[in-house]
Amino acid sequence: QLVESGGGLVQPGGSLRLSCAASGFTVDHYVIGWVRQAPGKEREGVSCFNNNDNETLYHDSVKGRFTVSRDKAKNTVYLQMNRMKPEDTAIYYCTAASSGLTTLFLGEYEYWGQGTQVTVSS
């Protein structure tokens, strides 16, 4: 099970940190991805952390603003979002892939959390 937390309302230019806590399995051999879906748009991969080799990947729209990281002891992956923009408004989902591929391709991800709402607005 994957459980997201940390969503909320933030002003443009502000920051939020999302957490993805895994239960029932260890994330050590999974790729944990962050996917978002804005109103009226398709889901898109935002970032991922490969727990096999610590490789990370980011969508061009968030490079330099978002950072993905892991706390192994807590079995949790984080998404630190800085300099946020209104276009970052979406439901953010935590996902897990067992393939070991560092990818934002949604078809690789087998397990999904319920999502957390992030709203960037003044």
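This one's a predicted model, so the numbers in the text were calculated from it and none came from an experiment. As a basis for the values below, the full set of heavy atoms in this structure was taken, side chains included, without hydrogen atoms, waters or symmetry mates.
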For this session: Flag yes if Trp34 and Val120 sit in one hydrophobic cluster, no otherwise; membership is Ile, Leu, Val, Met, Phe, Trp, Tyr, and two members link when side-chain heavy atoms are under 4.5 Å apart.
Result: yes
Problem set entry | Residues, nucleotides or ligands: over 12 heavy atoms within 6.0 Å of Gln114 CD | no
For this session: Could you tell me whether Glu87 atom CD has more than 12 heavy atoms of other residues or ligands within 6.0 Å of it?
Result: yes
Seminar exercise, completed: Checking Thr56, Asn54, Asn75 against Arg70 for side chain to side chain donor-acceptor pair (under 3.5 Å), the one that qualifies is Asn54
Exercise. Tyr92 vs Phe66 aromatic rings, parallel, tilted or perpendicular, using cut-offs 30° and 60°?
Worked result: tilted
Problem set entry | Pair Ser19-Glu4, side-chain donor/acceptor within less than 3.5 Å | no
Exercise. Under a single-linkage definition using a 4.5 Å side-chain heavy-atom cutoff for Ile, Leu, Val, Met, Phe, Trp and Tyr, are Val46 and Met81 assigned to the same hydrophobic cluster?
Worked result: yes
For this session: Please check if Leu18 and Val35 belong to a single hydrophobic cluster, counting links between Ile, Leu, Val, Met, Phe, Trp and Tyr side chain heavy atoms closer than 4.5 Å.
Result: no
Exercise. Applying the 4.5 Å side-chain criterion to the ILVMFWY set and letting contacts propagate, would Val77 and Leu16 be lumped into a single cluster?
Worked result: yes
Exercise. Please walk me through it: do Ile91 and Val118 pass side chain to side chain contact (heavy atoms under 4.5 Å, CB included)?
Worked result: CA-CA 6 Å; Ile91 299 174; Val118 171; over 6 Å; no
Exercise. Using 30° and 60° as the class limits, which term best fits the ring planes of Phe25 and Tyr111: parallel, tilted or perpendicular?
Worked result: tilted
Problem set entry | Note, Lys72 side chain near Asp28 side chain (heavy atom, < 4.5 Å) | yes
For this session: Kindly determine whether Leu106 and Glu44 satisfy side chain to side chain contact (heavy atoms under 4.5 Å, CB included), including the steps that lead there.
Result: CA-CA 8 Å; Leu106 302 188; Glu44 66 174 4; over 6 Å; no
Problem set entry | Of Thr95, Val31, Leu101, the residue whose pairing with Glu108 passes side chain to side chain contact (heavy atoms under 4.5 Å, CB included) | Leu101
Problem set entry | Spatial distance of atom NE2 (His59) from atom SG (Cys48) [nearest 0.5 Å] | 12.5 Å
Exercise. Between the side chain of Thr76 and the main-chain N/O of Lys74, is any donor-acceptor distance below 3.5 Å?
Worked result: yes
Problem set entry | Interatomic spacing from OG in Ser23 to CD in Gln1 - rounded to 0.5 Å | 4.0 Å
For this session: Could you walk me through whether Ser47 and Leu79 pass the side chain to side chain contact (heavy atoms under 4.5 Å, CB included) test, one step at a time?
Result: CA-CA 8 Å; Ser47 180; Leu79 184 67; 4.1 Å; yes
Exercise. Is Thr89 close to Arg36 at the side-chain level, that is, under 4.5 Å between some pair of heavy atoms?
Worked result: no
Exercise. Ion pair present between Lys85 and Asp88, side-chain N to carboxylate O less than 4.0 angstrom?
Worked result: no
Problem set entry | Check: Asn82/Ser15 side-chain N/O donor and acceptor closer than 3.5 Å | yes
Problem set entry | Main-chain N/O of His29 paired to Asn51 side chain as donor or acceptor, under 3.5 Å | no
Exercise. Can a donor-acceptor pair be found between the side chains of Thr102 and Glu55 at a distance below 3.5 Å?
Worked result: yes
Exercise. Can you tell me how far OH of Tyr78 sits from SG of Cys94, rounded to the nearest 0.5 angstrom?
Worked result: 12.0 Å
For this session: Measure across Pro12 and Ser121 and return the closest heavy-atom pair with its distance rounded to 0.1 Å.
Result: CD-C, 3.6 Å
Seminar exercise, completed: On a heavy-atom basis, the closest approach of Gly100 and Asn50 is O-ND2, 2.9 Å
Exercise. Can you find a heavy atom in the side chain of Tyr58 that is under 4.5 Å from one in the side chain of Thr67?
Worked result: yes
Problem set entry | Side-chain donor or acceptor of Glu110 paired with backbone N/O of Ser98 under 3.5 Å | yes
Problem set entry | NZ or CZ of Arg43 within 45° of Tyr93 ring axis and under 6.0 Å | yes
For this session: Answer yes if Val68 and Leu2 sit in the same cluster of Ile, Leu, Val, Met, Phe, Trp and Tyr residues linked by side chain heavy atoms under 4.5 Å apart, and no otherwise.
Result: yes
